[in-house]
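Contents: one structure, followed by commentary.
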Amino acid sequence: MDKKTAKKKIAIIGGGPSGLFMYKRLTEQASADFEITIFERKDYLGAGMPYSAEGANTEHITNVSDNEIPAIYTSIEDWVKIAPKAILKKFDITEEKFNEYKVLPRLFFGEYLSAQFNLLKKAALKKGIKTKVHLNCWVEDVIDFPKENSVAVCVKNKNKAYFDQAVICIGHNWPKKYEGKIPDYFDSPYPPKKLALKLNHTVGIMGSSLTAIDALRTLARKNGKFTDNEDGSYSYSSDSKGFKMVMHSRSGLLPAVRFHLQDSHLGKEETLSKTEIHKSIARNGGFLPLDFVFEKNFKEIFIKKDPAFYEQIKNMDLEAFVGAMMGYREGMEPFDLFKKEYEEAEKSIEKRKSIYWKEALAILSFAMNYPAKYLSAEDMERLQKVLMPLISIVIAFVPQSSCRELLALHEAGVLTIVAVGDDAKVQPLETGGADYHYKINGKKTVKHFDTFIDCIGQPHLSFNDFPFKSLIKNGTLSPARLRFKSSEKGKADMKNNDLVSREEDNTYFLTVPGITINDHFQVVDRNGISNQRIYIMAVPYIGGYNPDYSGIDFCEAASKAVIDSILS
Ligand SMILES: Cc1cc2nc3c(=O)[nH]c(=O)nc-3n(C[C@H](O)[C@H](O)[C@H](O)COP(=O)(O)OP(=O)(O)OC[C@H]3O[C@@H](n4cnc5c(N)ncnc54)[C@H](O)[C@@H]3O)c2cc1C
């Protein structure tokens with residue numbers, strides 16, 4: 001084991017956006033008491049999965065703009081002034097043309113994130129903070145040594161390296177179940193270069209949100225052309241008559257369109273404070289009621305911000321509100337609604353006026369992350385079944401250019417969407433592609449697709465999917481679970497749900513996806529003890545206790561919770 005130095009030795013495992021924000025938090029501290037080591041499996045830092053070739057082609061864009069991105073070292077606008085000319089040329093970006101309100105090519109954003117790492121590193125060096133970066137370095141395991149108060153990071157064919165604390169930022173993972181075994185079946189659209197397919201048949205797409213839109217943008221370009229017409233319209237013509245794409249979702253709804261945000265950082269400070277949350281937990285037998293969160297973090301925000309809307313919703317509970325909003329969406333043909341929302345969003349951007357209820361829903365969604373671990377199992381089931389379907393549609397924030405493409409594809413007769421309900425099944429076929437089984441008006445239907453792409457987005461991964469196996473084997477980690485408020489409900493659910501278990505004292509628990517974490521993103525062991533050395537910020541592995549995938553703003557918020565704990 002390395003000799004202990006006076007400086008705290010901290011490992012950041014994974015050098016994507018989460019690793020970058022963590023590095024920023026560490027290096028901006030006034031005292032230079034850290035020695036930081038970054039392990040990254042790629043040959044560069046910053047871009048992570050979505051903003052590198054692993055997750056994007058040139059046609060893929062962010063759904064956030066410079067003014068919405070939390071501060072790193074320089075803003076994108078300022079970085080454009082010093083960025084290498086070759087990068088700016090590649091993405092056709094100039095200082096004069098740059099607009100802080102516009103979304104960006106994801107690969108360009110990756111270049112920016114990469115550059116931020118280098119800028120932070122230089123600044124850290126000036127402060128006397130030593131940073132070691134190991135690129136092309138795949139961490140295979142992490143081992144906790146409680147007695148020695150240290151953590152070992154294991155890299156293939158190298159000696160273990162020991163640290164005082166480690167922050168796991170390994171990010172996205174798209175497990176392959178059928179891809180490679182079933183011809184023309186894709187478990188995800190990533191990396192998008194695999195979708196460079198020339199097709200003369202209908203492609204089945206499971207999902208209708210941003211991941212599906214990534215696949216559409218790539219396939220559309222490989223099989224036809226978009227044209228900006230002189231009359232201001234936008235159209236698509238395909239190279240072959242047979243090329244079509246069908247999206248599938250439970251409700252058959254399209255995601256909502258990006259609009260102007262009144263508060264570009266989504267007013268998170270207006271939501272319940274930790275003290276208020278813990279007071280409510282104490283008042284409610286150790287559980288945080290979802291209705292209380294809905295009331296405080298959503299409805300009450302309107303009293304000041306939009307009193308007329310408050311009057312409409314003040315007597316609605318969660319179910320009634322979601323029912324009304326979904327009912328409105330379901331009552332319209334999805335592409336007509338999409339067009340209407342696109343026009344509304346254009347106005348919102350032009351007038352810089354928010355569509356406030358949607359903004360408030362995004363605030364609520366992000367604000368669910370911290371309290372989710374304090375919900376009862378019953379309320380978590382409600383959150384997942386009732387609120388999340390609406391949230392996932394509304395907070396997609398589909399960028400304007402993607403809307404134009406979807407509408408052009410639909411108008412050209414190339415793109416449709418189908419509602420498959422809750423019991424649909426996809427059956428991958430050994431001969432290739434998949435059969436989609438679902439019901440239309442109660443009647444069983446099977447549709448075959450020669451090419452099929454699963455585009456439901458990053459799945460919540462289970463505890464056993466976590467790659468650092470020693471942490472599982474040694475009991476350093478535990479599966480996340482939530483207690484049932486009512487034993488009767490737990491008992492009833494246990495009959496048909498394998499995820500429900502019973503303890504000796506007759507309490508019932510629901511296992512939720514991923515690993516148990518505490519408020520500081522420290523892992524928690526099977527005895528409920530928080531680990532002071534190991535933090536995890538990798539969203540796919542903490543989905544149960546951190547249900548909102550909020551991207552860059554999550555990186556910022558989680559790294560703040562981690563640094564506060566490291567410094568405490
Ligand atoms: C397709 C896509 C598009 C998105 N677009 C947006 C957007 O426009 N706006 C937004 O706010 N959010 C967006 N997001 C959300 C996204 O989650 C975050 O923006 C961000 O990628 C999270 O960063 P991360 O570092 O946690 O994960 P990742 O980006 O996955 O980075 C993890 C890093 O860890 C490295 N790594 C992994 N395993 C190991 C290992 N064992 N050893 C060493 N290194 C390892 C990887 O190489 C990678 O560099 C998008 C997500 C996806 C999937």
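For ligands, and for the atoms within them, numbers begin at 1 and follow the listed sequence. Everything numeric here is computed off the predicted structure, so don't read it as measured data.
- Listed by atom number, the atoms of ligand 1 under 4.0 Å from V64 heavy atoms are 9 (N).
- Ligand 1 has an N or O atom lying under 3.5 Å from an N or O atom of I552, backbone or side chain.
- A distance of 6.0 Å or more separates the ring centres of F186 and W174.
- Contact annotation: for F21 versus ligand 1, there are no heavy atoms closer than 4.0 Å.
- Checked by distance only, ligand 1 and S18 come closer than 3.5 Å through their nitrogen or oxygen atoms.
- Taking every non-hydrogen atom of G14 and a distance limit under 4.0 Å, the qualifying atoms of ligand 1 come out as 34 (O), 35 (C), 44 (N).
- Numbered from 1 in the order shown, with element, the atoms of ligand 1 that lie under 4.0 Å from a heavy atom of W174 read 53 (C).
- In C137, the part holding a heavy atom less than 4.0 Å from any atom of ligand 1 is the backbone.
- T271 contributes no side-chain N or O that, together with a main-chain N or O of N297, makes up a donor-acceptor pair within less than 3.5 Å.
- Panel note: side chain T451, backbone V203; no donor-acceptor pair is recorded below 3.5 Å.
- Only backbone heavy atoms of C169 (N, CA, C or O) come within less than 4.0 Å of ligand 1; its side chain stays farther off.
- Among the atoms of R41, some N or O lies under 3.5 angstrom from an N or O of ligand 1.
- The N/O atoms of N63, backbone and side chain alike, include one that comes under 3.5 Å of an N/O atom in ligand 1.
- R25 places no side-chain N or O within donor-acceptor distance of the main-chain N or O of I563, the cut-off being under 3.5 Å.
- Aromatic rings from H60 and Y190 are positioned such that their centres are separated by 6.0 Å or more.
- Distance alone, capped at 3.5 Å, places no donor-acceptor pair between the H460 side chain and the P540 backbone.
- In terms of N/O distances under 3.5 Å, ligand 1 is not approached by D553.
- The nearest pair of heavy atoms linking C169 to I12 is SG-CG2, 4.1 Å.
- Ligand 1 lies nowhere less than 4.0 angstrom from a heavy atom belonging to Q458.
- Judged by distance alone, the side chains of D519 and Y370 do bring a donor and an acceptor atom under 3.5 Å apart.
- Residue-level proximity to ligand 1 for D214 is carried by the side chain, the only part with a heavy atom below 4.0 angstrom.
- With a 4.0 Å heavy-atom cut-off, ligand 1 is reached by the side chain of R106 but not by its N, CA, C or O.
- Residue contacts with ligand 1 for Y190 involve side-chain atoms from C-beta outward but no N, CA, C or O (heavy atoms, distance under 4.0 Å).
- Residue V139 places at least one N or O, backbone or side chain, under 3.5 Å from an N or O of ligand 1.
- Taking the six-membered ring for Trp, F259 and F397 have ring centres closer than 6.0 Å.
- Of the residues R106, R41, K194, the one that meets the salt bridge (charged side-chain N to carboxylate O under 4.0 Å, His left out) test with E54 is R41.
- Inter-residue side-chain proximity for F338 and I417 is flagged as unmet; no heavy-atom pair is nearer than 4.5 Å.
- Among P70, C555, G457, G171, the residue whose heavy atom sits closest to atom 22 (C) of ligand 1 is C555.
- Residue P17 has at least one N or O atom closer than 3.5 Å to an N or O atom of ligand 1.
- Nearest-residue assignment for atom 10 (C) of ligand 1 (options Y44, F468, Y51, F397; heavy-atom criterion): Y51.
- Here Y51 and Y112 keep their ring centres 6.0 angstrom or further from each other.
- Taking all heavy atoms of A47, G15, P50, G48 into account, the minimum distance to atom 21 (O) of ligand 1 is reached by P50.
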